[in-house]
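Have a look at the structure below before the remarks.
All values reported here derive from a predicted model rather than from experimental measurement. First the proteins, then the strands, lettered A, B, ... as listed; each starts at 1.
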2 protein chains.
Amino acid sequence: MQVKIKDVAKHAGVSVTTVSRVLNGERYVKDDLKAKVNDAIQELGYAPSQIARSLVRNKTNLIGVIVPDLTSSFYSTILSSIEDMASANDYNLLVCNISENIDKELKYLNVFQEMRVEGIIIMHEKINEEIRHLIHKINIPVIFSSVKPLDQSFASVIVDDYQASYDATKYLIELGHETIGFIGGDLQDITSGQNRYSGYRNAMADNGKTLVDEHIRFGDYKVRSGYLHMKELLSIERPPTAVFAVSDDMALGAMNCIRDHQLRVPEDISVMGFDGSLLTELVRPTLTSMEQPIQEMGRATMDVLLKQISGKKIPTGDVVLEHRLVIRESCQPRI
Amino acid sequence: MQVKIKDVAKHAGVSVTTVSRVLNGERYVKDDLKAKVNDAIQELGYAPSQIARSLVRNKTNLIGVIVPDLTSSFYSTILSSIEDMASANDYNLLVCNISENIDKELKYLNVFQEMRVEGIIIMHEKINEEIRHLIHKINIPVIFSSVKPLDQSFASVIVDDYQASYDATKYLIELGHETIGFIGGDLQDITSGQNRYSGYRNAMADNGKTLVDEHIRFGDYKVRSGYLHMKELLSIERPPTAVFAVSDDMALGAMNCIRDHQLRVPEDISVMGFDGSLLTELVRPTLTSMEQPIQEMGRATMDVLLKQISGKKIPTGDVVLEHRLVIRESCQPRI
DNA sequence: CTGAAAGCGCTTACAG
DNA sequence: CTGAAAGCGCTTACAG
């Protein structure tokens, strides 16, 4: 039913080879034949099959993307930036939303292999042994975006999470806060869990602040989690005067919780976020946050991946982008 | 370099036909051969090429999705729900983020055709003549999700936008508001522009409220737009005591604007949103909104599309889902 | 400059 | 139950 190259050839009175040549813009086709072919294509509404083309060219122009949560403003912004770059380079995106479902990730990694995607982008770092093994096995360029898995053999595009977290904490200290609550991530996550936690600890220690166990909590980066952990922080006798959450979503949850307890941000408690997602400007008070260059992260990810695909040597190790503290309304000097 | 079926056959000492048979779980393969083949597959790490398979089966298991804005909470939630359904039915998603770029849409529609996607989901209704024509030409099942284009020959999954808007307005009237500002959408959009505007107008008229031109504005559904239009509403002599924005994003913008003008929501001005996106619960005050069943919308979209693909007759016309007013904190009786 | 033929990696009648 | 062969819709040497 679909028009195929043979139909076009017949219609134009030439060979399929010639049709293929004008399709691919090769030289060595006389203008009159070229015109005939183009007319036939037009009249028949022919669109060449990428499937057939991929098979013979051994090139699919497909990139597989694994997103932990599409509804998160952070990931969807990276994805959007990745899509822009992909489209500009004539690549198409096969998108998988795993929402903490490891089985789905395994399944999609297999699908990606079967679809012969040319590269894979992964945006979460909870890689178990099976997945680690599979990724190595399938032998397709893989890049981690915004996260860094334990396996050192994978390339990542990230910020210096340790330093970013250190700087964020330091800022709160410089505002005069003596007690700073911490709502961290999963300690199994290298970048967003461990590194950000170390940054907080060391900034506190280096500036002579005591680390209070009660002030330190670990969530799952989501709004609800920030809310619940803030609730715990508010329930202790002398809550911290500032709170640093390692995602903007958790910071928002914390702000909402504080507000729901009839306290004010930042007058009663300062709140610092992490990510620099769109949310920071949408909430009131606007959220001071340690910004990752989200757009650039998407761009750099595609950049490295495209280089890996074309076989060029990738820059040694990870790509580390600059973090930046963006001061808004949610933090103020301790009075 | 990639292992192919021939390699497996050789390794297992059988024909490629036999390998193909065990791959596709056909009966009529003796257990010992089956075992040999499976061993070979395992040892060689073989994954069949979907590309080759698609070519011969004339089936790609691909669905193309066109999203107007990935970073919007509304669309990314629908997309996430669509992805769930697709994955459960062994379909993969080719995602395109057009961000108001008509050229990109045209390009992707062509790509979708060339990739031989089995179905296309479109989430915006600004379809120009060229695109309309292209969609008809390529002859692939198309469904519009959450929007309805002018062309009656396309199927949509939507709510009754007119009635939903009518009900939302009526609720504000019942709270005692005499003047109700309206921040609408693009009047070129049937569902979210025209229908929601008519619903507002008629609810006002039916309840003896005068329509004030100054109170009626049209935005682009985004936060910033809601902010700016609210600013205009606040600048008139006697601003309305309630505002109905036809997207949650615009409602949030309106709330922020009101707050930035030292007024309170809902004490000074009530704000009503539309969509029932995740935002409604994340902001403070929480946002009263006319909810579209977003998850269900994604599910229903895939449902109809899968039926179209399998050639089953689709239910006559559009699928209209139930809207639901969800009362939260942002609206209160006029004092 | 043009075309016949082989081949990309599979599946599927067909024959045995 | 098993395999040789044709064919899916293209591209690309090769020959002319």
Salt bridge (charged side-chain N to carboxylate O under 4.0 Å, His left out) between B:Asp303 and B:Arg299, intermediate numbers included: CA-CA 6 Å; B:Asp303 224 57; B:Arg299 255 180 278 127; over 6 Å; no
Pair listing, side-chain hydrogen bond (donor to acceptor under 3.5 Å, both in side chains) test, anchored in residues 31-47 of chain A, at least two apart: A:His11-A:Glu43
Please give, in whole Å, the distance from [N] [atom2] to [X] [atom1]?
| X | N | atom1 | atom2 | value |
| --- | --- | --- | --- | --- |
| B:Met115 | D:dG9 | CE | P | 16 Å |
| A:Asn24 | D:dG9 | CG | P | 18 Å |
| A:Ile5 | C:dC8 | CD1 | P | 18 Å |
| A:Lys4 | D:dC8 | NZ | P | 6 Å |
| B:Leu23 | C:dT12 | CG | C1' | 14 Å |
| A:Lys59 | D:dG9 | NZ | C1' | 19 Å |

Got a donor-acceptor contact below 3.5 angstrom from the [X] side chain to the [Y] backbone?
| X | Y | value |
| --- | --- | --- |
| B:Tyr221 | B:Asp186 | yes |
| B:Glu114 | A:Pro48 | no |
| A:Glu125 | A:Thr191 | yes |
| A:Thr77 | B:Thr71 | no |
| B:Ser20 | B:Val16 | no |
| B:Asp7 | B:Lys4 | yes |

C:dT11 phosphate, OP1 or OP2, under 4.0 Å from B:Ser20 side-chain N/O: yes
Check: B:Ser99/B:Lys104 side-chain N/O donor and acceptor closer than 3.5 Å: no
Close residues, residues 37-58 of chain A, relative to DNA chain C [heavy-atom separation under 4.0 Å]: A:Leu55, A:Val56
Results of salt bridge (charged side-chain N to carboxylate O under 4.0 Å, His left out) for B:Lys10 - residues two or more places apart only: none
Range-with-range stems for DNA chain D, at least three Watson-Crick or G-U pairs under 3.5 Å: C:1-3 with D:14-16, C:5-12 with D:5-12, C:14-16 with D:1-3
Exercise answer: donor-acceptor pairs, residues 136-143 of chain A side-chain atoms, under 3.5 Å, sequence neighbours excluded:
| from | atom 1 | to | atom 2 | distance (Å) |
| --- | --- | --- | --- | --- |
| A:His136 | ND1 | A:Arg132 | O | 3.3 |
| A:His136 | NE2 | A:Ser153 | OG | 3.0 |

Between protein and nucleotides 2-5 of chain C, what N or O pairs are separated by less than 3.5 Å?
| from | atom 1 | to | atom 2 | distance (Å) |
| --- | --- | --- | --- | --- |
| C:dT2 | OP2 | A:Lys30 | N | 2.8 |
| C:dG3 | OP2 | A:Ser15 | N | 3.3 |
| C:dG3 | OP2 | A:Ser15 | OG | 3.2 |
| C:dG3 | OP2 | A:Thr18 | OG1 | 2.6 |
| C:dG3 | N7 | A:Arg21 | NH1 | 3.2 |
| C:dG3 | O6 | A:Arg21 | NH2 | 2.4 |
| C:dA4 | N7 | A:Thr17 | OG1 | 3.4 |
| C:dA4 | N6 | A:Thr17 | OG1 | 2.7 |

